[in-house]
Amino acid sequence: MSKDLPTAYNPKETEDKIYQLWQESGFFTPENLPGKRKEKFVTCIAPPNITGELHMGHALEYTLQDIIVRMKRMQGYKTLWLPGTDHAGISAQNVVEKQLVKEGTNRHELGREKFIERMWQWREKYGNTILEQFKKLGLSVDWTRTKFTMDPDYQEAVKTVFLHYYKKGWIYKGVRVINWCTRCATAISDLEVNYVTEKGKLYYIRYGPFTLATTRPETKLGDTALAVHPDDARYKEFVGKELEIESVDNSIPTGEPPKSKKIKILVVADGAVDPKFGTGIIKVTPAHDITDAEIGQRHNLSSVKIIDEHGRMNENAGIRYQAMKTTEAREQIVKDLEAIGLIEKIEDYEHNVGRCDRCNSVIEPLPSEQWFLKMKDLTKLALEAVESGKVKIHPERWQEPYKHWLNNIRDWNISRQLWWGHKIPIEGEEDVLDTWFSSALWPLATLGWPLLRQGSEGQASQSDFEEYYPTDFITSDRGILFLWHVRMIFSGMEFTGQAPFKDIYIHATVLTKDGKRMSKSLGTGINPLDLIEKYGTDALRFGLATQLTGLQDLRFGEDLLVMGKKFANKLWNIARYVMMALPEDYKWEVKKSSTGLAPIAAKLDEIASGVTKNIEHYEFAEAANSLYHFIWHELADKYIEESKDKTDQETYDTLAYLLTNCLKLLHPFMPFLTEEIWSNLTISDKNLLMVEKWPT
RNA sequence: GGGCGCUUAGCUCAGUGGUAGAGCGACUCGUUUACACCGAGUAGGCCGAGGGUUCGAUCCCUUCAGCGCCCACCA
């Protein structure tokens with residue numbers, strides 16, 4: 001009996017040692033689990049980016065997932081949690097590009113081949129750092145199945161999917177007005193544009209008999225029509241007519257004073273125009289505004305591209321403005337219009353400016369030839385999966401946004417003008433696929449779809465896909481419900497007829513104590529590894545668990561970690577006490593029933609079934625709190641105090657029963673500490689706690 | 001413009017149709033060998049504001065305010 005344990009729990013001396021024990025046991029791999037396990041429990045990870053560094057969101061998400069996985073494993077399920085990383089196209093490429101800039105070069109100088117080599121080097125060196133940090137968090141993932149979204153078999157899966165869609169006629173190439181990032185020099189999807197309210201100007205410009213307002217006067221050079229609402233009585237007589245109006249002459253060199261010239265412009269009627277806004281009449285620039293492009297399509301308007309991929313005016317803007325940046329052109333044209341008397345007034349104005357999600361540059365909508373995936377049928381599949389209950393979203397309130405988004409979706413622009421990513425599998429194509437195109441296949445491709453897994457040693461010969469698909473559970477921040485979950489769902493439905501997981505749990509987003517977004521660049525980020533250093537992993541996990549209540553946001557405070565640390569210590573000392581109180585020759589056995597024990601044992605049974613239900617229903621805070629309260633205030637404060645002068649068998653058995661079962665119940669939350677205590681108990685025939693039987 | 005969430009003790013948050021709870025912090029006592037990372041206590045809340053339903057509301061309905069987030073083609 002180890003009575004000489006220190007009076008305080010020491011996470012640092014425990015954690016690495018215990019993690020190694022787990023790894024050596026092989027129990028993270030489902031095939032190695034003891035006993036006959038017919039029922040499976042498979043959870044799907046959200047693979048971190050290779051650019052990633054562990055942040056509080058990860059700590060929360062993965063802790064939550066590990067709690068479930070560990071409980072399921074103890075309940076006797078054949079449990080798989082497969083780890084991996086995502087190549088993260090645009091963000092990873094940006095990181096390495098920044099590195100190159102520091103070295104005084106760039107990717108174009110390096111050339112495509114060398115650059116991709118650099119990307120792989122980078123991923124070798126840093127890409128798995130975050131996976132190493134998984135060990136610090138105590139995550140019970142199957143390291144033998146680690147995946148990367150650019151692994152050879154994963155690339156096969158991507159190719160298969162692309163060609164499948166292509167043959168179905170769902171993939172097409174077309175010139176569309178898309179969101180273009182002039183810095184990243186690539187198309188990006190609607191979801192990668194962040195709209196930020198910014199101060200700008202609203203310019204009122206005379207267009208013949210009308211005055212209309214715009215925030216982007218430079219796009220005037222690409223106007224091909226004016227539009228009014230069909231029911232707007234004020235302008236009815238103009239609809240369908242071509243007006244001759246005065247504009248600026250863009251053929252005059254910049255050095256010379258501006259002149260006006262007459263141009264002709266058509267007036268169309270379109271429902272997209274809000275008659276109540278401004279003068280109720282808008283200019284239509286089909287090449288540089290997505291709404292205008294749609295109006296243009298409806299009315300067969302020509303589209304004049306005046307801004308190029310670098311964000312500069314091109315030859316269509318006329319010699320006077322050509323080669324200027326859009327912002328310069330704006331100043332110039334305003335000056336010119338003022339000089340020839342076409343500006344009526346300029347007002348300060350707040351409006352939404354689209355910025356690149358990855359580099360924060362202003363997005364320039366422009367026409368570009370891209371690959372698109374038709375969303376019509378896939379949308380149906382994704383809706384069907386949720387409406388039929390094949391996929392359940394928790395908390396339920398996220399179902400509506402999910403449906404709403406799908407019902408308003410456009411075709412998906414899947415091509416990116418990047419170098420790092422899956423190449424479009426069509427000959428002569430230089431572009432790569434949107435990262436989410438491959439991420440969408442994660443639950444499929446990681447399990448070996450469409451190829452059979454090459455039977456590595458000790459593996460069953462049948463493929464992982466047959467064995468483990470579909471998975472049971474996935475959890476994420478709300479931010480990627482549309483970017484990722486939707487796409488995994490329709491991919492799964494399309495290729496297997498089954499949704500890739502049964503339950504989605506949207507967990508809270510971790511904010512700072514002031515309610516601000518945690519961000520490294522804002523200096524508001526907290527590194528979970530620092531917290532682990534300070535409090536220990538179990539304290540972090542337990543503290544997080546008590547804050548996991550299913551709300552949208554979670555203001556993270558360290559108080560809860562203080563609590564977690566104290567609690568870890570309390571449990572440690574409870575264990576020390578019990579070991580000390582029991583006689584030398586006490587026969588430890590893991591009792592199955594509370595019958596014949598003190599009443600508190602039955603109380604524990606109640607707690608146990610409550611905790612089980614709580615975890616199954618994602619009520620982590622409830623589970624953690626009930627354990628905390630029972631262990632501290634019922635077991636320690638009351639029962640142990642009362643038992644101090646008792647030496648009968650019932651008391652001994654009760655103490656042993658309480659301790660062993662509390663360790664089990666607490667193991668998913670505090671795996672290191674509980675496993676360490678367990679290893680000190682002189683129970684014969686025991687296994688690692690992580691595979692002991694769950695007490696319900 | 002539409003939608004969602006939140007508003008409870010100094011701080012972070014639980015919670016229930018019927019005398020309000022936890023952790024952290026504060027205060028008072030306690031040198032009892034499991035634990036001072038402890039124990040026994042104490043203080044501190046018209047449960048955001050107004051209205052309604054009810055015998056009774058912090059909890060249900062409604063309006064409003066503040067904060068946060070998501071979606072959207074407001075020039």
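Just so it is clear, the values below take in all heavy atoms, side chains as well, and ignore hydrogens, waters and symmetry mates. So you know, we letter chains A, B, ... as the sequences are listed, proteins then strands, and number each from 1.
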Closer to the 5' end of RNA chain B via nearest nucleotide, is it A:Asp553 or A:Arg397?
A:Arg397
Choose from B:A75, B:U12, B:G23 the nucleotide whose nearest atom is closest to any side-chain atom of A:Gln547.
B:U12
Side chain of A:Lys570 (C-beta onward), nearest among B:A75, B:C35, B:G68
B:C35
Where the side chain of A:Lys566 is concerned, which of B:C74, B:G25, B:A40 is the nearest nucleotide?
B:G25
If you look at every strand shown and take non-hydrogen atoms under 4.0 Å, does A:Ile290 touch a base, only sugar-phosphate, or nothing?
nothing
Below the 4.0 Å mark, does B:C73 have OP1 or OP2 next to a side-chain nitrogen or oxygen of A:Tyr195?
no
In terms of side-chain heavy atoms of A:Thr215, which of B:A34, B:A75, B:C24 is nearest?
B:A75
A:Thr549 side-chain N/O to B:A14 phosphate OP1/OP2 under 4.0 Å:
yes
Between the CD1 atom in A:Ile640 and the OG1 atom in A:Thr654, the distance rounded to the nearest 0.5 Å is 11.5 Å
If the cut-off is 4.0 Å, is A:Arg517 near the phosphate of B:C69, judged by side-chain N/O to OP1 or OP2?
no
Nucleotide nearest A:Arg576 when distance is taken to its side chain, options B:A34, B:C73, B:A72:
B:A34
In terms of the angle between their ring planes, are A:Tyr586 and A:Tyr652 parallel, tilted or perpendicular, with boundaries placed at 30° and 60°?
perpendicular
The side chain of A:Trp632 lies closest to which of these nucleotides: B:A75, B:C35, B:G39?
B:G39
Under the 3.5 Å rule, do the base of B:A40 and the side chain of A:Glu641 count as making a donor-acceptor pair?
no
Within the structure shown, what part of the strands sits under 4.0 Å from A:Lys644 by heavy-atom distance: base, sugar-phosphate, or nothing?
base
Counting heavy atoms from C-beta on, name the nucleotide in B:C11, B:C70, B:C67 closest to the side chain of A:Arg555.
B:C67
